[in-house]
Amino acid sequence: MSHNIILDGHVGLKPDLQNITVLGSTGSIGKSTLDVVARHPDKYQIYALTAYQQDELLFEQCTRFKPRFAVMLDEQAYQRLALRISTAGLKTEVLCGVAALEQVSAAAEVNAVMAAIVGAAGLRPTLAAARAGKRILLANKETLVMAGRIFMDAIRQSGSVLLPIDSEHNAIFQALPDQYSGDLSASGVSKILLTASGGPFRNTSLADLQQVTPDQACAHPNWRMGRKISVDSATMMNKGLEVIEAHWLFNAPADAIQVVVHPQSVIHSMVQYVDGSVLAQLGNPDMRTPIAYGLAYPARINAGVAPLDLFKIARLDFVAPDFERFPCLMLAYRALRAGGTAPALMNAANEVAVDAFLTKRIAFLDIPRLIGDVLDKLPHVAVNVLDDVLLADAQARVAAQDWIARL
Ligand code: NAD
Ligand code: MG
């Protein structure tokens, strides 16, 4: 990880603070990250903030955090933000486009990058941070699902410190030995127990799942999240993506990753050892805990999270997942076992399907049908270079759109 902080007189970056780039600062994870950063002005300062098209919110964030750079993806939103920033006399430089995202992820002054863009759009800037050797706080699980080998190789080659922010993977990271070598059995680990809330439809019958609406799908019982991951939680594709994420992060084979439905979302995941020990990490369902962990690792800082009240929680339940009502989970295991570009195909088909569901073009149960058909139809090949992944992603999007058009 790079420690060279450059004092920049232009926007007054202080030399003794960690410079943070927040990719996707207007999203759910982005806002929680800024909440934690704001609690520790003696430790962190914002180097760059980025968003897709929410120029109003990004402007407010710039006013408050005075970053050196702000990046908008959307050209018109970029024009609006640039005007607001100059009218307000802020010194933040406004940039536009994917290359700018890569630039603020890899810049020499940056110490840590919060990767919190949603979906495949997060891949390029997150990879740029990995290649530049930054500390990476990884929320964007799609990067690992699409390009796990390429990303993990980049981390190893650059010496990046990779900290999982997904609450389950953060829990597993905390429950593994300090010097975990990447070899589960050498560490005495027999299984990773990946907990799942079961989402808003945990108790909904298969017949009723056919009629559910986007708003019902986005009403998660325990977490407030962006709409894409909320639908993923409702289909349990989120847990499927997380199985693949765990595979890459911890070098765990599919058979060593077991999904456990735990409706309270208090245990964020567990590691089971050969001696019978099971280590768990518990906490209120609040993403500021893993975010603070990632920012301060190996130290601990206040995250603004209320202490866990075990008496109020009183009980913790565990049940096996239902693969019949939630076939997306099985599709993800299938894609992981198939390897190569299969997870990237699945991820892209899922993104198209979720968008179509959110815009009411397909029904909830069409999501797994669409993904299964795309996985059956398209060949999956080995991943050697990034273009293999990007090609698979593009092909799956076309096939998924065709599927919807034929409905
Ligand atoms: P969100 O929809 O709330 O925010 C997404 C952010 O990405 C926004 O800032 C948006 O402007 C930006 N963005 C969207 N499309 C973009 C594009 N094409 N190019 C550049 N920027 C773009 O999403 P979220 O819930 O914060 O989730 C972000 C990531 O973190 C996802 O990968 C999700 O799976 C993961 N994650 C989220 C949570 C959670 O609690 N929200 C938990 C675990 C993991
Ligand atoms: Mg999670």
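Start at 1 and go down the list; that is how both ligands and their atoms are numbered. Predicted model only: the values in this text are computed from it and were never measured.
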As an exercise, identify every atom of ligand 1 less than 4.0 angstrom from a heavy atom of [X].
| X | value |
| --- | --- |
| I29 | 26 (O), 30 (O), 37 (C), 38 (C), 39 (C), 40 (O), 41 (N), 42 (C) |
| T26 | 8 (C), 9 (O), 10 (C), 11 (O) |
| A139 | 30 (O), 32 (O), 35 (C), 36 (N), 44 (C) |
| N140 | 32 (O) |
| A116 | 5 (C), 6 (C), 7 (O), 28 (C) |
| L73 | 19 (N), 20 (C) |
| Q54 | 11 (O) |
| A51 | 11 (O) |

Problem set entry | Shortest non-hydrogen contact from V145 toward M346 |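 Here V145 and M346 meet closest at CG1-CE, 4.4 Å.
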Exercise. Does at least one non-hydrogen atom of K228 fall below 4.0 angstrom from an atom of ligand 1?
Worked result: no
Problem set entry | ligand 1 contact by G30, heavy-atom criterion under 4.0 angstrom |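 The answer is no: ligand 1 sits nowhere under 4.0 Å from a heavy atom of G30.
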Exercise. So which of G119, S28, S167 gets nearest to atom 24 (P) of ligand 1, if we judge by its closest heavy atom?
Worked result: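 Minimum heavy-atom distance to atom 24 (P) of ligand 1 goes to S28.
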Exercise. Counting heavy atoms only, which of K141, Q53, Q61 comes nearest to atom 34 (O) of ligand 1?
Worked result: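 Answer by nearest heavy atom: K141.
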When you check the gap from the basic side-chain N to the acidic O, do [X] and [Y] get nearer than 4.0 Å?
| X | Y | result |
| --- | --- | --- |
| D393 | R397 | yes |
| D153 | R149 | no |
| R80 | E56 | no |
| E168 | K141 | no |
| R337 | D255 | yes |

For this session: Have a look at ligand 1 and work out which part of M225, if any, has a heavy atom under 4.0 Å from it: side chain, backbone, both or neither.
Result: both
For this session: With heavy atoms only and a cut-off of under 4.0 Å, state how I229 meets ligand 1: side chain, backbone, both or neither.
Result: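 It is the side chain that gets close, since no backbone atom is under 4.0 Å.
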For this session: Would you check the N or O atoms of A121, main chain and side chain alike, for any that come under 3.5 Å of an N or O of ligand 1?
Result: no
Problem set entry | ligand 1 N/O within reach of E142 N/O, cut-off under 3.5 Å | yes
Exercise. In terms of heavy-atom contacts, does CZ of R39 have more than 12 from other residues, nucleotides or ligands at under 6.0 Å?
Worked result: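 Yes - once you tally the heavy atoms of other residues, nucleotides and ligands closer than 6.0 Å, there are more than 12.
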Problem set entry | Derivation of the salt bridge (Lys or Arg N to Asp or Glu O under 4.0 Å) call for R227 and D215 | CA-CA 9 Å; R227 283 173 82 80; D215 284 342; 3.4 Å; yes
Exercise. From the Mg ion (ligand 2), how many protein N/O/S atoms are found at a distance short of 2.8 Å?
Worked result: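 Excluding waters, the total comes to 3.
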Exercise. Can you tell me how far the CD atom of Q174 sits from the OG1 atom of T289, to the nearest 0.5 Å?
Worked result: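 One finds 9.0 Å between CD of Q174 and OG1 of T289.
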Let me have the donor-acceptor pairs involving side chains of residues 353-365, under 3.5 Å, with sequence neighbours excluded, atom names and distances please.
{"unit_1": "D355", "atom_1": "OD2", "unit_2": "R361", "atom_2": "NH2", "d": "3.2"}
{"unit_1": "T359", "atom_1": "OG1", "unit_2": "D355", "atom_2": "O", "d": "2.7"}
{"unit_1": "T359", "atom_1": "OG1", "unit_2": "A356", "atom_2": "O", "d": "3.4"}
{"unit_1": "T359", "atom_1": "OG1", "unit_2": "R361", "atom_2": "NE", "d": "3.0"}
{"unit_1": "T359", "atom_1": "OG1", "unit_2": "R361", "atom_2": "NH2", "d": "3.3"}

